[in-house]
There are 2 protein chains.
Amino acid sequence: MQNFNSISVENFIKTIYQFELREGKDTRSGSIAKELGITNAAATDMARKLASKNIVAYQKYKALKLTADGKKMALHIVRRHRLWETFLHQVLGLNMHEIHQEAELLEHATSEFLLDKIDAFLGNPTTDPHGDPIPNKNGVIEKEKEVLTLSAAKVGECYEVCRLVGGHKEFYDFCQANKLTVGAFISINKQYPHTKMTEIEIGSLRISLHADLAGMIYLKKLKKSAEHISSTSKNG
Amino acid sequence: MQNFNSISVENFIKTIYQFELREGKDTRSGSIAKELGITNAAATDMARKLASKNIVAYQKYKALKLTADGKKMALHIVRRHRLWETFLHQVLGLNMHEIHQEAELLEHATSEFLLDKIDAFLGNPTTDPHGDPIPNKNGVIEKEKEVLTLSAAKVGECYEVCRLVGGHKEFYDFCQANKLTVGAFISINKQYPHTKMTEIEIGSLRISLHADLAGMIYLKKLKKSAEHISSTSKNG
DNA sequence: TTTTATTTTTAAGTAAACTTAAATTTAATA
DNA sequence: TATTAAATTTAAGTTTACTTAAAAATAAAA
Ligand SMILES: [Mn+2]
Ligand SMILES: [Mn+2]
Ligand SMILES: [Mn+2]
Ligand SMILES: [Mn+2]
């Protein structure tokens with residue numbers, strides 16, 4: 001494609017891409033800086049530099065946006081990240097948090113050649129262990145399905161957990177401890193809008209989650225009945 | 001152990017370590033610079049910097065030497081490199097040259113945690129696919145066996161190929177094309193000291209190699225007879 | 001042992017990726 | 001709307017890992 005980008009540049013581009021998608025996150029330079037653990041000044045410098053290379057569409061004081069080129073780059077990095085996550089999970093058995101951490105480094109040290117080998121070895125997977133879609137070799141990614149979070153789910157309905165969008169250890173520890181894994185089946189017992197709590201049932205467990213956590217758990221509605229569900233859970 | 005070293009520092013330390021071992025290679029700053037593709041001036045800078053951190057024992061105009069600390073660091077990098085090579089070969093089926101290239105990058109992006117997982121997955125291997133020993137977790141490496149190269153082998157004797165010390169694609173391509181793999185059995189037909197050629201027999205093949213290549217192929221003497229050998233070759 | 005060639009070091013400078021501190025702009029609030 | 005607060009940008013400076021060019025030291029050749 002073009003010459004090679006540094007780790008700092010790759011992380012910067014990837015972060016903008018991810019923040020553009022996730023609601024509740026903006027792509028102002030300050031937010032990107034905070035996520036990357038650098039100062040606002042450094043983020044501005046980087047934004048200006050990438051703008052000169054037509055990777056970022058930069059306007060002073062405005063939110064950062066990727067150009068078409070930038071987005072394509074981001075998708076290639078995301079592909080490396082998610083294929084590594086899938087590989088580390090399936091082959092070496094690392095857990096949700098561990099795969100993320102390791103992939104964060106490996107994504108910057110992986111040739112196209114090696115990536116193809118990993119992809120083929122895994123049988124060209126389309127989602128990673130967190131339920132996130134893996135862009136294909138051309139940078140094409142399955143567009144976000146009409147998903148809803150646990151916070152927005154309807155009382156009485158049954159759902160399948162299809163995505164865990166966290167990133168931090170504590171979140172995944174909580175999910176694992178409560179059998180909230182991708183593919184798990186749950187039903188909604190009650191919503192408490194004022195306190196922002198959701199009470200769910202998973203297997204024989206009944207747990208209450210605050211929106212801070214529930215908003216990171218994405219669901220897919222099921223047709224099946226609740227009774228049927230409890231006996232066919234994929235995970236657990 | 002200590003804070004983290006950059007990729008440049010890791011490659012520098014590793015190169016000194018490897019050049020210290022390989023005969024025909026010296027560790028003068030110019031040699032290291034050439035190997036790393038940097039200028040002599042840059043190598044001198046790095047040597048002085050690492051000397052200030054007690055990683056390199058540096059004296060002006062003298063060959064570079066690692067301190068005890070430096071050697072320990074080098075062994076940890078070598079461990080990462082060789083475990084990755086083994087993993088890529090055994091799990092993803094990459095060839096001799098490919099594993100080296102990829103490991104050259106991955107070795108700098110691998111946590112102790114992940115390395116332990118890889119090590120355990122492989123069953124704590126002690127040699128990599130090139131026949132090179134893998135240092136253990138504490139940086140202890142099996143000391144070089146009394147090995148001889150193909151150039152120095154005796155006519156009429158039988159040997160097992162135990163190490164391919166090349167590094168460049170063409171060498172490995174040549175070896176693979178001629179069934180010269182680690183574990184292969186060969187016998188020496190003739191030595192031509194003046195032209196520095198060695199004629200060997202491997203299976204039904206009879207090939208002649210110049211010392212430039214033959215010097216990179218290490219052998220272990222066998223007790224078995226040549227007849228027995230041809231029917232029990234591990235590789236091929 | 002001179003002279004010459006090679007190697008190494010020093011000096012000065014660059015680019016990337018940061019930092020802190022001050023100036024500017026935008027957003028929020030009284 | 002005027003004032004204050006928060007975010008962003010600019011300016012200036014640092015560290016790392018290089019570079020080129022000149023000076024100094026070592027090694028090789030005459
Ligand atoms: Mn990363
Ligand atoms: Mn993921
Ligand atoms: Mn390397
Ligand atoms: Mn090797």
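Keep in mind it's a predicted model, so treat the numbers as computed, not measured. The chains referred to below are lettered A, B, ... by the order of the sequence lines, with proteins before strands, and numbering in each begins at 1.
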**OP:** Return the value, rounded to whole Å, for the distance between atom CG of A/Asp45 and atom P of D/dG13.
**Re:** 15 Å

**OP:** Please report, rounded to the nearest Å, how far the P atom of D/dT26 is from the CD atom of B/Gln59.
**Re:** 12 Å

Original post:
Rounded to the nearest Å, what distance is computed from the CZ atom of residue A/Phe4 to the P atom of nucleotide C/dA16?
Top reply: 12 Å

Original post:
Between atom OG1 of A/Thr127 and atom CZ of A/Arg163, what is the distance when rounded to the nearest 0.5 Å?
Top reply: 10.0 Å

Original post:
Is the shortest side-chain N/O distance from B/Asn40 to OP1 or OP2 of C/dT8 below 4.0 Å?
Top reply: yes

Original post:
When you check the phosphate oxygens OP1 and OP2 of C/dT9, does a side-chain N or O of B/Tyr58 lie under 4.0 Å from one of them?
Top reply: yes

Original post:
Looking only at atom types and distance, does a side-chain atom of B/His76 sit under 3.5 Å from a main-chain N or O of B/Gly139, one as donor and one as acceptor?
Top reply: no

Subject >> Length of the CZ-P vector between A/Arg48 and C/dA17, whole Å >> reply: 15 Å

**OP:** Indicate whether the side chain of B/Glu85 and that of B/His89 have a donor and an acceptor atom separated by less than 3.5 Å.
**Re:** no

Original post:
For residues B/His100 and B/His81, is any side-chain donor paired with an opposing acceptor at under 3.5 Å?
Top reply: yes

Original post:
At under 4.0 Å, does any side-chain N or O of B/Arg28 touch on OP1 or OP2 of D/dT26?
Top reply: no

**OP:** Please state how far atom CD1 in B/Ile38 lies from atom P in D/dT20, giving the value in whole angstrom units.
**Re:** 12 Å

Original post:
Counting just side-chain N and O atoms, does B/Thr39 come under 4.0 Å of either OP1 or OP2 of D/dT20?
Top reply: no

Original post:
Looking at B/Ser29, does any N or O in its side chain come under 4.0 Å of the phosphate oxygens OP1/OP2 on C/dT7?
Top reply: no

Original post:
Could you state the CZ-C1' distance from B/Phe12 to D/dT16, rounded to the nearest angstrom?
Top reply: 14 Å

**OP:** Would you mind reading off the distance between B/Met46 atom CE and D/dT19 atom P, rounded to a whole angstrom?
**Re:** 11 Å

Original post:
Atom NZ of A/Lys49 and atom P of C/dT14: how far apart are they, to the nearest Å?
Top reply: 18 Å

Original post:
At under 4.0 Å, does any side-chain N or O of A/Lys60 touch on OP1 or OP2 of D/dT10?
Top reply: yes

Subject >> Rounded distance (nearest 0.5 Å) linking atom SG of B/Cys162 with atom CD1 of B/Ile217 >> reply: 11.0 Å

Original post:
If each of B/Asp26 and A/Ala41 is mapped to the nucleotide of DNA chain C with the nearest heavy atom, which maps nearer the 5' terminus, i.e. the 5' end?
Top reply: B/Asp26

Original post:
Of B/Ala42 and A/Ala43, whose closest DNA chain C nucleotide lies nearer the 5' terminus?
Top reply: B/Ala42

Subject >> B/Tyr61 side-chain proximity, nearest of C/dC18, D/dT10, C/dT8 >> reply: C/dT8

